[in-house]
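In what follows, a structure is listed as structure tokens, so that the remarks can point back to it.
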Protein chains: 2
Amino acid sequence: KETYRSMSPSQFFYEYKEIAGFSNPARSLYQTVRELVENALDATDVYGIKPDISIVIERIPGTNQYRITVEDNGIGINPDYVPNAFGQVLFSSKYKLRQSRGRFGLGVKMAVLYGQITTGKPVEVYTSPIGSKRVYYFKIKIDIEKNKPIILEKASWSKRGNWHGTRVTVTIVGDWSRARSRVHEYIRRTAIVAPYARITMIDPDGNIVYYPRIVDKVPRGPREVKPHPHGVDIELLKQLIKSSKARTLKEFLIEAFQSVGRKTAENFLKEAQLDPNIDPHTLTDEQLEYLARKLREYKRFRAPSADALSPLGPEIIEAGLKSILKPEFVVAVTRKPKAYEGHPFIVEVGIAYGGEIPALDEPLLLRYANKIPLLYDEKSDVAWKVVNPQNFDWKQYLVSFPAPIAVLTHICSTKVPYKGIGKESVADVPEIEHELRMALREAARKLRAYLLEKKREEEAKRR
Amino acid sequence: KETYRSMSPSQFFYEYKEIAGFSNPARSLYQTVRELVENALDATDVYGIKPDISIVIERIPGTNQYRITVEDNGIGINPDYVPNAFGQVLFSSKYKLRQSRGRFGLGVKMAVLYGQITTGKPVEVYTSPIGSKRVYYFKIKIDIEKNKPIILEKASWSKRGNWHGTRVTVTIVGDWSRARSRVHEYIRRTAIVAPYARITMIDPDGNIVYYPRIVDKVPRGPREVKPHPHGVDIELLKQLIKSSKARTLKEFLIEAFQSVGRKTAENFLKEAQLDPNIDPHTLTDEQLEYLARKLREYKRFRAPSADALSPLGPEIIEAGLKSILKPEFVVAVTRKPKAYEGHPFIVEVGIAYGGEIPALDEPLLLRYANKIPLLYDEKSDVAWKVVNPQNFDWKQYLVSFPAPIAVLTHICSTKVPYKGIGKESVADVPEIEHELRMALREAARKLRAYLLEKKREEEAKRR
Ligand SMILES: Nc1ncnc2c1ncn2[C@@H]1O[C@H](COP(=O)(O)OP(=O)(O)OP(=O)(O)O)[C@@H](O)[C@H]1O
Ligand SMILES: Nc1ncnc2c1ncn2[C@@H]1O[C@H](COP(=O)(O)OP(=O)(O)OP(=O)(O)O)[C@@H](O)[C@H]1O
Ligand SMILES: [Mg+2]
Ligand SMILES: [Mg+2]
């Protein structure tokens with residue numbers, strides 16, 4: 001007499017949309033802007049395109065409905081994939097080992113879904129891939145039960161000129177008065193670490209915010225890499241073997257993984273006491289468990305490649321901190337690439353001190369992950385755990401609170417260990433926590449040198 | 001040249017298992033015990049059965065693998081549904097408006113998946129539904145690509161005696177030395193609010209922990225209810241209309257919703273200027289948006305029914321606090337049912353003071369949601385936000401820190417607003433935050449009365 005049923009992924013994320021950040025109209029307005037802007041930046045700077053992003057948020061008079069449009073000059077979307085990209089939950093071009101803001105295949109669909117259930121209105125998409133001669137238009141809703149797109153309208157026409165990119169419009173119930181400051185902060189913090197982007201926003205109050213491009217060069221984009229043997233489990237091995245044409249275990253290891261050349265494969269197989277010539281497709285579950293365990297434990301694989309990453313770099317961090325905070329001193333540190341569970345990551349920390357920064361009871365913390373500004377859940381983030389004066393001995397660096405100090409942290413990885421699918425805070429994975437602490441100490445040492453020097457100069461003046 | 005793909009729900013939760021609490025071997029061992037115990041309790045006390053739960057965790061010698069077995073005397077599982085219950089992600093008997101610990105259709109599948117990918121071993125299930133004459137046995141793995149169960153073995157035999165219930169065994173890589181204290185704390189805190197349950201645990205160190213049944217009566221179980229009109233959106237309306245045989249809008253409102261009788265339906269339709277006789281199956285999206293908005297705004301629906309809830313009650317909370325903390329004073333408050341977005345909820349708060357409680361810098365907070373103990377992410381939980389001395393004026397109640405004080409909070413609802421699918425902290429929904437604060441003040445006032453009285457007695461003694 002118990003009734004059992006299943007849910008499609010779209011039904012699941014509809015039921016529990018608050019877990020993706022769509023908890024109330026104000027927060028949903030914020031999250032919608034985020035999801036569209038993060039997709040726009042992923043379609044540009046990842047490919048070396050200097051982003052031109054425009055964001056328009058208009059209130060529909062007499063209602064609490066908002067039309068949000070984000071347009072970019074990115075790579076566009078092949079029209080064959082547009083319906084699923086906007087109408088199928090868990091559909092993505094970012095399910096791969098390459099740093100990007102998006103990763104879940106969920107973001108824009110949540111915005112489409114929230115619009116659909118609060119206003120009944122579909123998403124409208126214009127897109128033209130680079131090199132395409134046409135512009136494509138779609139009006140899409142989601143069949144929430146089946147997790148399939150419903151194409152209400154589609155059209156295309158030949159393109160005049162060279163425009164390429166994508167323009168997305170969703171209409172949702174929102175609350176601008178409550179969301180305003182966070183949305184503005186999010187866009188500003190996005191612009192700070194993307195000085196190579198031109199960003200324009202028009203908000204429901206009619207205000208225009210303009211962040212001009214101040215750097216003419218996009219940093220080198222990340223490149224997709226193969227998995228690293230330290231990240232395996234039995235399932236990943238099965239997936240890799242299934243799609244591999246290799247006839248021997250040795251060939252398979254060399255072809256499927258990064259950091260495994262012929263010599264390394266031979267040494268590993270010798271040490272693990274495995275036959276190099278066995279056909280990987282014939283391995284039993286027991287042998288796979290053994291192989292996975294040995295791969296994870298082997299110490300002599302080359303570290304995971306940082307080719308898949310695209311850090312900000314000290315120049316961008318220092319320039320960004322200078323422009324928003326107008327400090328008297330700024331320093332930034334970019335650590336060498338490290339890895340956790342086979343995923344490469346780079347930690348970067350910037351410190352800004354004095355100048356126009358007011359004296360605060362705790363450091364002003366500006367968190368970033370894969371270039372995304374994180375504005376919520378600060379106290380449960382690993383960056384706060386490291387920077388917190390209860391855990392970091394700031395006095396040793398001549399900083400005692402209240403003090404005029406801000407810290408910027410950036411974690412980039414092929415897999416940022418977010419605590420939730422709303423991408424608001426990062427879990428305290430030990431390797432990452434350690435790197436943050438090392439980076440913070442490095443930057444704090446330079447701050448201390450500056451403060452010592454400043455003290456000396458002031459004492460010299462006094463005499 | 002961009003490649004797009006979709007993921008099944010099992011692939012998605014495999015890729016991002018840390019978001020469900022399966023982030024490392026220690027945490028995964030904790031989460032596995034949780035998921036199995038919460039299923040066992042949901043199969044018993046929800047149905048008025050006095051729970052007998054046994055938990056065995058054994059380490060497989062020479063490995064870091066742990067075999068975890070949880071057995072209960074619950075309602076069992078119909079064998080037709082066992083494969084999907086254990087082998088299909090997003091499959092559940094708890095997708096309904098009735099308070100239960102489970103709700104996502106994910107928990108046991110995550111444990112099965114984690115075992116499968118770390119040890120290669122399947123889950124083993126014995127079950128016998130109440131009234132069934134047979135015991136059923138299954139050995140199951142998950143086809144992660146297709147999100148379907150793989151039945152490796154199945155058997156059944158006729159039952160001797162009256163046993164009913166379920167026994168689940170998973171084998172995972174774990175880390176008992178790191179997980180030990182949390183697992184013990186979780187079981188202890190579970191037993192504290194379930195004095196009607198007999199719980200036995202044998203751990204890998206060979207220790208036996210036994211919580212006897214000290215209350216002979218199970219609290220009244222929750223009952224499934226229909227949705228409340230304040231919880232609607234366009235999608236919910238569409239789902240309800242689709243499965244409704246009602247021929248008029250008025251009939252539909254009465255039949256589909258709780259709290260809507262004939263008179264209420266007539267008044268609502270009059271006020272919303274809608275035709276009571278229109279066939280709901282013919283409503284356009286625009287009309288549905290209007291209807292949803294009007295239903296949410298209408299002020300005169302009866303409040304959501306608390307039949308769907310099963311609070312702990314002050315006796316259980318006080319007894320539980322007395323037994324673990326041995327305080328000199330204890331008080332508990334159970335608030336009246338309230339609602340947020342159509343979901344009924346009840347907030348309960350208990351305070352324990354003095355006695356064997358040590359003086360602490362901040363209140364010891366014991367959080368519960370739908371009778372589940374929450375042990376992680378305290379600082380991002382709404383309960384901490386309310387109880388935090390920075391937000392609550394404890395001095396007004398004659399408590400100044402350090403002080404020997406513990407606070408138990410319990411939120412029960414047809415939809416607890418968890419912040420993540422790992423069920424570790426609750427979001428600060430305004431209605432719930434408000435009720436927590438009211439309950440805390442109510443309990444703190446009784447504490448203050450006790451402290452005043454105690455002060456008077458001490459001063460009387462001194463003279
Ligand atoms: N502005 C855009 N330009 C190009 N492609 C886009 C754009 N917006 C969305 N897409 C495509 O649609 C896909 C789905 O987007 P969606 O936001 O749902 O998921 P995601 O970005 O891959 O992951 P996440 O859920 O983390 O945001 C993307 O992977 C991308 O291929
Ligand atoms: N010990 C048990 N006794 C009876 N039924 C069970 C038991 N364990 C699991 N089930 C059934 O299997 C289903 C799936 O369990 P699962 O833990 O995956 O999801 P859930 O409990 O519904 O939700 P959650 O993901 O929040 O735990 C349950 O809904 C229940 O019907
Ligand atoms: Mg996205
Ligand atoms: Mg469960």
[X] to [Y] - nearest heavy-atom pair and separation:
X	Y	result
Asn78(B)	Tyr4(A)	N-OH, 4.4 Å
Ile234(B)	Gln116(A)	CD1-O, 3.5 Å
Ser6(B)	Gln88(A)	CB-NE2, 3.4 Å

Non-hydrogen atoms of chain B under 4.5 Å away: do they reach the side chain of [X], the backbone, both or neither?
X	result
Gln239(A)	side chain
Leu113(A)	neither
Tyr14(A)	side chain
Tyr81(A)	side chain
Tyr114(A)	neither
Gln65(A)	side chain

Could you tell me which of [options] has the largest number of non-hydrogen atom pairs under 4.5 Å with chain A?
options	value
Ser92(B), Ala292(B), Pro417(B)	Ser92(B)
Asp285(B), Leu106(B), Val429(B)	Asp285(B)
Leu90(B), Leu236(B), Ile75(B)	Leu90(B)
Glu2(B), Glu378(B), Arg5(B)	Arg5(B)

So what's closer than 4.5 Å to chain A heavy atoms on [X]: side chain, backbone, both or neither?
X	result
Leu237(B)	neither
Lys94(B)	neither
Arg27(B)	neither
Leu288(B)	neither
Glu341(B)	side chain
Ser425(B)	neither
Tyr340(B)	neither

Taking Glu15(B)'s backbone N and O only, do any of them form a donor-acceptor pair with Lys415(A)'s side chain (distance below 3.5 Å, no angle check)? yes
Would you please test Lys17(B) and Asp233(A) for side-chain contact (heavy atoms from CB on, under 4.5 Å) and show each step? CA-CA 13 Å; Lys17(B) 51 193 164 300; Asp233(A) 54 49; 4.3 Å; yes
Greater than 12 external heavy atoms within 6.0 Å of Arg296(B)'s CZ: yes
Which label fits Phe13(B) and Phe13(A): parallel for a plane angle under 30°, tilted from 30 to 60°, or perpendicular past 60°? parallel
Passes side-chain contact (heavy atoms from CB on, under 4.5 Å), Val89(B) versus Phe12(A)? Steps please. CA-CA 11 Å; Val89(B) 168; Phe12(A) 181 81; over 6 Å; no
Run the numbers on Ile19(A) and Phe104(B) for side-chain contact (heavy atoms from CB on, under 4.5 Å), then give the verdict. CA-CA 12 Å; Ile19(A) 280 175; Phe104(B) 293 127; 4.0 Å; yes
Does the side chain of Lys96(A) pick up a donor-acceptor pair with the side chain of Thr3(B) at under 3.5 Å? yes
Spacing of Glu286(B) atom CD and Thr119(A) atom OG1 [to the nearest 0.5 Å]: 10.5 Å
Euclidean distance, Ser8(B) OG relative to Asn147(A) CG, rounded to 0.5 Å: 11.5 Å
Below 4.5 Å, heavy-atom pairs only: which of Lys379(A), Arg293(A), Glu18(A), Arg103(A) has the largest tally toward chain B? Arg103(A)
Only pairs of heavy atoms separated by less than 4.5 Å count here; which of Phe91(A), Tyr290(A), Tyr418(A) has the most with chain B? Phe91(A)
Any salt bridge between Lys238(A) and Glu145(B), counting N to O under 4.0 Å? no
